[in-house]
Amino acid sequence: MTTAIAHPNIALIKYWGKAPGPLNIPASPSLSITLDQLTTTTSVTTQSHDRFVLNGMEADDPKVAAWLTNLRTHLDIPGLSIETTNNFPTGAGLASSASGFAALITAINAHCKLGLDATACSSLARQGSGSAARSLFGGFVELRAPEWCATPLFDAAHWPLSVIIAVTDTGRKAISSSVGMERSRTTSPYYPAWITQTGVLFDEAREAIRLRNFSVLTRLSERSTLDMHALMLSSQPPLLYWNGVSVALMHRITALRESGVPVFFTIDAGPQIKAVCLPEAMDVVESALREVDGVRQLVRTKLGSGARVVND
Ligand code: DP6
């Protein structure tokens, strides 16, 4: 049995839209931070036919099944029993597919002695889920053309940002990212502008991170989040991932910042709000978010490392 762990990542410059064609290539670059508190643990053993167990329950995961079928066209992978556990809500906009595919390819690579490096694993993880490519690495990570495998930009020590995740709903999201992205690409009149704008924000955000300029990163990252949600809202039928508590939290974080606290929000395809702040602001941000009615759980985290094998 081989066990690997991986952490979810949160994009500061978002990926929402795929290039037409195979291999799940994103249509624009993205930039993320890898977290350390939330963890997916995945164990694989060889057996005659594939079996997938998610959080202790036998599950049918067509995305994983299709990904394995594709991998087996060029890699020697036997039947596998895959057991995977998340220490956080699955499929609720907390990037469980990112840490899931990153942990899985890391475990398979070691178990089947494929000899792939992290970059090759990142490419294969991307074919399962675009954001998963980024969870192979820790700290600040970019995913860009032309290779579309993730690259570590800076490690966590470069700028030890903190994140507080406010969970507002633990249910699974109604529309998956893949379906939502395709809907945006094919129906939103703003899609071409979103793709162009993301490229600009990406270049500026890399520079803001290099310079550790929190106020510039705040502007760029909130813009990427709100541009993406504007694109989602302009899709047909509209994609509205927020609930009332998400909106209340955005107002609270904006007010905190206006009072001088270094914090900004970022939101993925779900109703959870992630507050990114400088470490010294963590306690004040946490107590402010705790006061917002409807917040179910707060998770504090720092930046973490990439996917790795923990036993072999
Ligand atoms: C909003 O990586 O889940 O979290 O490639 O279809 O699996 P697929 O999509 P996925 O989409 C992530 C979308 C996002 C933004 C981001 O993480 O960049």
### Query
Hey, is the main chain of Val245 close enough, under 3.5 Å, to the side chain of Thr168 for a donor-acceptor pair?
no
#### Entry: No-hydrogen, no-angle side-chain donor-acceptor test under 3.5 Å, Ser135 and Ser99
no
### Query
By salt bridge (Lys or Arg N to Asp or Glu O under 4.0 Å), which residues pair with Asp61, not counting sequence neighbours?
none
### Task
Could you check if a side-chain atom of Leu104 sits within less than 4.5 angstrom of a side-chain atom of Val44, using non-hydrogen atoms only?
yes
### Task
Establish whether Leu240 and Leu226 are linked, either directly or via other cluster members, by ILVMFWY side-chain heavy-atom contacts under 4.5 Å.
yes
### Arg300 vs Asp283 side-chain heavy atoms within contact, under 4.5 Å
yes
### Message
Do Arg134 and Ser30 pair up side chain to side chain, a donor and an acceptor below 3.5 Å, judged on atom types alone?
### Response
yes
### Query
Salt bridge check: are Asp50 and Arg72 linked by an N-O gap of less than 4.0 Å?
yes
### Query
Does a side chain donor of either Lys14 or Thr266 reach within less than 3.5 Å of an acceptor in the other side chain?
yes
### Query
Is it true that a side-chain atom of Arg126 and a backbone atom of Ala132 form a donor plus acceptor pair closer than 3.5 Å?
no
### Summary
Smallest heavy-atom separation, Thr2 atom then Ala107 atom, equals CG2-O, 3.8 Å
### Query
Aromatic rings Tyr241 and His229: how do their planes relate, parallel, tilted or perpendicular, breaks at 30° and 60°?
perpendicular
### Task
Report, as yes or no, whether the 6.0 Å neighbourhood of atom OH on Tyr190 holds more than 12 heavy atoms from other residues, nucleotides or ligands.
no
### Message
Under a 4.0 Å threshold between the charged nitrogen and the carboxylate oxygen, would Lys274 count as salt-bridged to Asp268?
### Response
yes
### Task
Output all residues satisfying salt bridge (Lys or Arg N to Asp or Glu O under 4.0 Å) with Arg210, sequence neighbours left out; order by chain, then residue number.
Glu207
### Query
Hey, any chance Met181 and Trp148 share a hydrophobic cluster, counting ILVMFWY side chains that come within less than 4.5 Å of each other, even indirectly?
no
### Task
For Ser235 and Pro237, indicate whether the former's side chain and the latter's backbone hold a donor-acceptor pair under 3.5 Å.
no
### Message
Between Phe202 and Leu220, does the side chain to side chain contact (heavy atoms under 4.5 Å, CB included) criterion hold? Intermediate values first, please.
### Response
CA-CA 8 Å; Phe202 174 81; Leu220 299 169; over 6 Å; no
### Query
Which atoms form the tightest heavy-atom contact between Trp159 and Leu303, and what is the distance?
O-CD1, 3.7 Å
#### Entry: Ile273 side, atom CD1; Ile165 side, atom CD1 - distance, nearest 0.5 Å
11.5 Å
### Task
Could you state whether Val167 and Leu35 fall into the same hydrophobic cluster, counting links through intermediate Ile, Leu, Val, Met, Phe, Trp or Tyr residues with side-chain heavy atoms under 4.5 angstrom apart?
yes
### Query
Nearest heavy-atom pair of Ile164 and Met282: which atoms, and what distance?
CD1-O, 3.4 Å
### Pairs meeting criterion side chain to side chain donor-acceptor pair (under 3.5 Å) with involvement of residues 251-261, two or more places apart
Glu222-Arg257
### Query
Would you say Ser123's side chain and Ala120's backbone share a donor-acceptor pair under 3.5 angstrom?
no
### Message
Could you see if Leu233 belongs to whatever hydrophobic cluster contains Ile195? Use Ile, Leu, Val, Met, Phe, Trp, Tyr and a side-chain cutoff under 4.5 Å.
### Response
no
### Query
Taking atom types as modelled, is there a side-chain donor on Thr46 or His111 under 3.5 Å from an acceptor on the other?
yes
### Message
Can you see whether Arg51 engages Ser81 through a side-chain donor-acceptor pair at a distance of less than 3.5 angstrom?
### Response
yes
### Query
If you draw a 6.0 Å radius around CG in Asp117, do more than 12 non-hydrogen atoms from other residues or ligands fall strictly inside?
yes
### Query
Is Asn109 reaching over with its side chain to a backbone N or O of Leu116, donor-acceptor style, under 3.5 angstrom?
yes
### Query
With side chains defined as the heavy atoms from C-beta onward, is the minimum distance between Ser162 and Pro279 less than 4.5 Å?
yes
### Check: Gln236 main-chain N/O paired with Thr187 side-chain donor or acceptor under 3.5 Å
yes
### Heavy-atom pair with the smallest gap, counting every atom of Ile13 and Ser224
CA-OG, 3.5 Å
### Task
Using atom types as modelled and distance alone, determine if a side-chain donor or acceptor of Ser122 lies under 3.5 Å from a backbone N or O of Ala118.
no
### Query
Looking only at side chains, do Ser246 and Asn243 share a donor and an acceptor under 3.5 Å apart?
yes
### Message
For a quick test of reading the model, state the closest non-hydrogen atom pair linking Ala6 to Ala103 and the distance between them.
### Response
CB-N, 3.6 Å
### Query
What is the minimum heavy-atom distance between Tyr191 and Ala27, and which atoms define it?
OH-CB, 3.5 Å
### Query
Under 3.5 Å, is there a donor-acceptor pair between the side chain of Asn87 and the main chain of Gln37?
yes
### Query
Quick one: are Ile5 and Arg308 in side-chain contact, heavy atoms under 4.5 Å?
yes
### Query
Checking Asp169 side chain against Gly171 main chain: does a donor-acceptor pair fall under 3.5 Å?
yes
### Task
Test Ile267 against Gln272 for side chain to side chain contact (heavy atoms under 4.5 Å, CB included), laying out the working first.
CA-CA 7 Å; Ile267 317 165; Gln272 331 303 352; over 6 Å; no
### Query
Could you walk me through whether Phe140 and Thr34 pass the side chain to side chain contact (heavy atoms under 4.5 Å, CB included) check?
CA-CA 7 Å; Phe140 298 82; Thr34 303; over 6 Å; no
### Query
Are Ser184 and Trp16 close enough that a side-chain donor and a side-chain acceptor fall under 3.5 Å?
yes
### Message
Is a donor from one side chain sitting under 3.5 angstrom from an acceptor on the other, for Asn55 and Thr85?
### Response
no
#### Entry: Phe101-Trp67 aromatic ring centre distance below 6.0 Å
yes
### Query
For Leu217, does its backbone N or O pair with a side-chain atom of Ser221 as donor and acceptor, under 3.5 Å?
no
### Message
Taking Glu182 first and then Lys18, would you say they form a salt bridge - that is, a charged N and a carboxylate O separated by under 4.0 Å?
### Response
no
#### Entry: Steps toward side chain to side chain contact (heavy atoms under 4.5 Å, CB included) verdict (Leu239, Ile175)
CA-CA 8 Å; Leu239 296 159; Ile175 312 274; 3.8 Å; yes
### Query
Would you say the side chain of Thr3 lies within less than 4.5 Å of the side chain of Thr42, judging by non-hydrogen atoms?
no
### Query
Under 3.5 Å, is there a donor-acceptor pair linking the side chains of Asn213 and Ser215?
yes
